[in-house]
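Working notes for the structure below.
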Amino acid sequence: MTEVANGQQLYAYKAIMKVPGAPSFLLYNLKISDIIFSMKIRTFFSVLLCKMTKSALRLLGRGGTDFPGLIAMGLYHNVLGELSKGVTCIIVTGTNGKTTSARMIEQVLMDGGLSYFTNKSGANLITGITAEFATNATLSGKCTKDYALIECDEAAFKEVSTLVNARAVIVTNVFRDQLDRYGEVTHTLNNIKIGISHSPDATLCLNADDSLTASIAEEVKNPVIFYGVDTPIYTNRVEEVSDAPYCIKCKHEYIYDYVTYGHLGGYRCPACGYHRPQPDLSVSKVVATDTDKSVVEMTVDGKTYQATINLPGGYNIYNAIGTVAIGKALGLDTPMVIRSLSEFSCGFGRMEKFTIDDTAIRMILVKNPAGCNQVLNFVTNVTEPSVFVVCLNDRDADGTDVSWIWDVDFEQIAEMSDLLDGLYLSGIRAEDMALRFKYAGVPESKMKVIKDYETLMQTCTAQDKPVYIMPTYTAMLDLRVKISKLYGFKNFWE
Amino acid sequence: MELKICHLYPDILNLYGDRGNVLCMQKRLQWRGMDVSVSTASVGESFKASDYDLFFIGGGQDFEQEVLLPDLQGAKTREIKAAIEDGKTFLAICGGYQMLGQYYKTWDGEQCDFIGAIDIYTEGIKKRMIGNYAFTFDELPGNHVVGFENHSGKTYLGSGVRPMGRVLKGYGNNGEDHQEGARYKNVFATYSHGCLLPKNPALCDFILAETLKRKYGSVELSPLPDQLENSAHQYMEKRLL
């Protein structure tokens, strides 16, 4: 009850609301002055409209979760805050590896028989997240699940965290990414720090090997679990520029005892003494890697476990140990978490595998130099002649500036010589991509610009070599729609 | 014939695929049977300007530019200034462009002195100027340059410095006077990355020819099969203009 100056309770009006076709419990006596009640009503309509918009979009055969979320927030800005009350929220943020980490954590929650929901379609802005909460709430605004696993764009984290009180936050890493959208890496890091300052109850899982991410720990009071990789991952690493060669604290150049990839590894600053913190859990040994999986040894609380990560690529070793860190933050059983890593199958366009007309195709999202270099570390290790496809778009979600492709060591593809059977370039900026490969040293006779996705897929499947498709984000969405249409695969929002 | 290229601060000023420009110059000389060497000079490494024919300097993030400024000032500044006055070629992009100038004044009035090798200065604004853009290159009439700009500094040219060309689409130096880039002796400075040279082969060859001319007298660069270069150029030109 709100009291006004003269101490009288204010009843604005009493009304009977009738919503056509609505169930009878909708007939309320409305007391506008009752703040809690009004919040409930706003939550109710916000959730209802969000669910309805989402269903309507599905009926029209359209995906997307941002629009329903926008509707929900438009009706009640704080609806996310209401819906997330009483739910154990896990937030996954950072530049690279968010989606795969979230999928790995999801496998853990699923195998543990926990009741959860997650923003599955890569909808990681506040609108998409709000829509997921609304989908998993009753009309009265109560969440029907115990856990919410939220993949959150690092800029959106700042905003989402004002409404959602996270129980655990994992920061995967901070790399240079789409500068036209995020700005400099220090800016991204600051956004994450602001998000964490809004999350006082969260246990933080921080990548110890990333000098940028690890630096967060000294500025916060939250409990921190550091995870890392104690050893180099690759025998042959692509050449890449470091996104953080100079000390975040004093600007002196770091010394590295070893590098795993990018600027990650065992760094220390000879000037101010800042150094890689001792991880609480780590990958102590890489036992074996191939094109389907990695086998590693993990050390957690002094105990060593052998873990099979059912996804290739060195950077997924980080996503795996990060998942074990989240398990620890949530108090889950470590052996169970490690078992889940071997059960795991990949997320939306991240190393996704499918077969069309007997052609084995892997789709691997690329979006920035660091991530793309790691993908190359993986694909250039194939042992049989293969076809490679790069689809470069320059829409907002891809980054409108394509100059990052010149920072990627595509020379590695040229050096594959006979193992490079063909190279197809597609997407809005296919010509720029072809030009990049020309200067990387790929003979023009091996390259083909195929802008039409239907022709592209037909060309890929008309031959018998494995195909590795590397699309940027919106190119991946378009390609999947085309593949669904041509070959009847599921649409991503299903 | 041989050109010696020096890439300044390649490990720090490497924000927007700038190494592609060096790669482009290198390849286009090699494809014509010329020799080319690429050296680098970063923090703590001295260089003698007389050892090189062409210098490249790219752009970096603010944090990284702060790292190198103390190193750039002093001996390196003296070498760079002397080389420029001596007619050596400089290609400077974005942050590198700004750093050749007099100073950068932030939007809240703080001034950061640069090396003053060319008479330009830059003033920061809050809203960045971002996007694909196109401009003319006055020394090659009829040729357009396409690229991508992303800067919060507005650059103004002093007397004795002329622009590279006129903005056809986008912001350019400052979004006000329709000028883009700076030309002084053999300095070519621009906000354009994207990366600049591969999809502007005529500009690349012009810069190489000027450098070779200074070293060997008159040179004629043989044409190269530039289909891919031209189609990337034309795609963006068509989209913008």
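All values reported here derive from a predicted model rather than from experimental measurement. Chain identifiers are assigned alphabetically (A, B, ...) following the order of the sequence lines, protein sequences preceding nucleic acid strands; residue numbering begins at 1 within each chain.
A 6.0 Å sphere centred on NZ of A:Lys251 holds more than 12 heavy atoms belonging to other residues, nucleotides or ligands. Heavy atoms from other residues, nucleotides or ligands lying under 6.0 Å from CD of B:Glu110 number 12 at most. Annotation: B:Lys4, atom NZ; neighbour count of heavy atoms from other residues, nucleotides and ligands within 6.0 Å does not exceed 12.
A:Leu435 pairs with exactly one of B:Pro198, B:Cys24, B:Cys195, B:Ser231 by the side-chain contact (heavy atoms from CB on, under 4.5 Å) rule, that one being B:Pro198.
Shown here for A:Glu431 and B:Ala232, the closest heavy-atom pair between the two residues is CB-CA, 3.7 Å. Smallest separation of non-hydrogen atoms from B:Pro225 and A:Lys438: O-NZ, 3.1 Å. Nearest heavy-atom pair, B:Arg239 versus A:Ile428, reported as atom, atom and distance to 0.1 Å: NH1-CG2, 3.7 Å. Considering every non-hydrogen atom in both B:Asp18 and A:Asp407, the closest pair reads N-OD1, 4.4 Å.
The choice from A:Val402, A:Asp394, A:Val449 that makes the most heavy-atom pairs within less than 4.5 Å of chain B is A:Asp394. Of the residues considered (A:Glu444, A:Met433, A:His252), A:Glu444 shows the highest number of contacts with chain B, using heavy-atom pairs under 4.5 Å. Among the candidates B:Ile12, B:Asp11, B:Leu23, the residue making the largest number of heavy-atom pairs closer than 4.5 Å to chain A is B:Leu23.
There is no contact between A:Ile405 and chain B, counting heavy-atom distances below 4.5 Å. Residue B:Asn21 does not touch chain A at all, counting heavy-atom pairs closer than 4.5 Å. B:Leu196 does not touch chain A: none of its heavy atoms, backbone or side chain, sits under 4.5 Å away. Looking at B:Lys199, the atoms closer than 4.5 Å to chain A (heavy atoms on both sides) sit in the backbone and in the side chain alike.
Rounded to the nearest 0.5 angstrom, A:Arg176 CZ and B:Asn14 CG are separated by 4.5 Å. In this structure, OH on A:Tyr246 lies 8.0 Å from CG on B:Leu68, to the nearest 0.5 angstrom.
Contact of the B:Met236 side chain with the A:Arg429 side chain is registered, since non-hydrogen atoms from C-beta on lie closer than 4.5 Å. With contacts defined as side-chain heavy-atom distances shorter than 4.5 Å, the pair A:Thr400/B:Phe148 qualifies.
Among residues two or more places apart in sequence or in another chain, the side-chain hydrogen bond (donor to acceptor under 3.5 Å, both in side chains) test is passed with B:Asp35 by none.
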key: CA sep, side-chain torsions, deciding dist, call: B:Glu229, A:Tyr439, side-chain hydrogen bond (donor to acceptor under 3.5 Å, both in side chains)   = CA-CA 10 Å; B:Glu229 286 81 351; A:Tyr439 282 86; 2.9 Å; yes
